[in-house]
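A short write-up of the structure that comes next.
What you see below is based on every heavy atom in this structure, not just the backbone, and it leaves out hydrogens, waters and symmetry mates.
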Amino acid sequence: VQLQASGGGLVQPGGSLRLSCSASGSTLDHVTIGWFRQAEGKEREGVSCSAWDGGKYYAKSVKGRFTISRDNTKNTVYLQMNSLIPEDTAAYYCTTIRLCVVDYQTGFATVGVSDNWGQGTQVTVSS
């Protein structure tokens with residue numbers, strides 16, 4: 001499956017954006033999708049995960065502000081980002097994951113993350 005992230009942009013602190021991860025080449029019915037981000041000079045980190053069985057996982061840093069959802073009829077996974085803060089500034093990527101599990105320190109952990117990252121979409125939170 002090929003994934004393409006889109007929907008990024010420049011937004012003021014407190015604002016909202018909705019990212020889309022569109023799939024082609026296969027359906028998402030039995031595919032777990034994760035959103036990751038990488039800020040300049042920092043390592044890539046997991047943001048949220050939409051498991052194929054309906055499970056949803058969030059990093060502690062975004063829980064309560066971000067909401068992940070999917071529409072399998074459109075082969076798309078969304079990341080609704082509200083109450084954005086400058087620390088959310090990063091390039092956001094989506095990719096397939098074999099498994100997401102709860103991690104009580106970070107929010108969630110992943111197993112079997114695909115390295116097919118695609119181009120990502122830039123989110124900049126600034127006044």
Side-chain angles (χ1 to χ4, degrees):
V1 58
Q2 298 297 315
L3 301 175
Q4 179 63 52
S6 63
L10 173 63
V11 63
Q12 292 187 341
S16 299
L17 282 174
R18 188 177 80 160
L19 305 185
S20 298
C21 177
S22 301
S24 60
S26 180
T27 65
L28 293 182
D29 291 19
H30 297 287
V31 179
T32 293
I33 298 292
W35 282 100
F36 295 76
R37 66 186 181 187
Q38 187 167 20
E40 192 171 343
K42 294 189 176 181
E43 290 188 357
R44 191 169 288 166
E45 62 175 354
V47 176
S48 185
C49 171
S50 172
W52 67 268
D53 62 358
K56 299 180 181 181
Y57 304 82
Y58 298 95
K60 283 190 173 181
S61 58
V62 305
K63 190 162 185 173
R65 300 188 297 121
F66 291 10
T67 302
I68 197 167
S69 62
R70 64 167 62 201
D71 185 341
N72 285 346
T73 65
K74 296 183 178 179
N75 257 6
T76 302
V77 174
Y78 303 99
L79 185 68
Q80 178 66 43
M81 306 187 298
N82 298 330
S83 302
L84 285 161
I85 59 178
E87 290 75 14
D88 295 320
T89 295
Y92 283 70
Y93 303 84
C94 58
T95 192
T96 58
I97 302 172
R98 191 164 69 84
L99 180 67
C100 292
V101 296
V102 173
D103 181 294
Y104 291 102
Q105 282 194 316
T106 63
F108 75 102
T110 58
V111 177
V113 177
S114 168
D115 60 1
N116 186 12
W117 294 104
Q119 290 189 341
T121 185
Q122 179 68 35
V123 172
T124 302
V125 184
S126 175
S127 55

Are side-chain heavy atoms of [X] and [Y] found at a separation under 4.5 Å?
X	Y	result
Met81	Thr67	no
Tyr58	Ser48	yes
Leu10	Gln122	no
Thr89	Val123	no
Leu79	Val47	yes
Trp35	Val62	no

Run the numbers on Arg70 and Ser50 for side chain to side chain donor-acceptor pair (under 3.5 Å), then give the verdict.
CA-CA 7 Å; Arg70 64 167 62 201; Ser50 172; 2.9 Å; yes

[Y] backbone acceptor or donor facing [X] side chain under 3.5 Å:
X	Y	answer
Lys60	Tyr104	yes
Ser126	Thr124	no
Asn72	Asn75	no

Interatomic distance, Ser114 atom OG to Ile33 atom CD1 [nearest 0.5 angstrom]
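Spacing of OG (Ser114) from CD1 (Ile33) equals 9.0 Å.
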
Quick check for you: to the nearest 0.5 Å, what is the distance between Arg37 atom CZ and Thr121 atom OG1?
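Atom-to-atom, Arg37:CZ and Thr121:OG1 are 14.0 Å apart.
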
Decide yes or no on side-chain contact (heavy atoms from CB on, under 4.5 Å) for Ile68 and Tyr78, but give the supporting numbers first.
CA-CA 6 Å; Ile68 197 167; Tyr78 303 99; over 6 Å; no

Side chains of residues 11-28: which donor-acceptor pairs under 3.5 Å do they make with residues two or more places apart or in other chains?
unit_1	atom_1	unit_2	atom_2	d
Ser16	OG	Asn82	OD1	2.9

For Thr32 against Cys100, the heavy-atom pair lying closest together:
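The answer is CG2-SG, 4.0 Å.
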
Shortest non-hydrogen contact from Cys49 toward Phe108
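Between these two residues, the closest heavy atoms are CB-CE1, 3.9 Å.
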
So, using salt bridge (charged side-chain N to carboxylate O under 4.0 Å, His left out) as the criterion, who are the partners of Glu87 when residues are at least two apart?
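None.
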
Cluster partners of Phe36, using ILVMFWY side-chain heavy atoms under 4.5 angstrom, listed by chain and number?
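In the cluster with Phe36 are Tyr93, Ile97, Val113, Trp117.
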
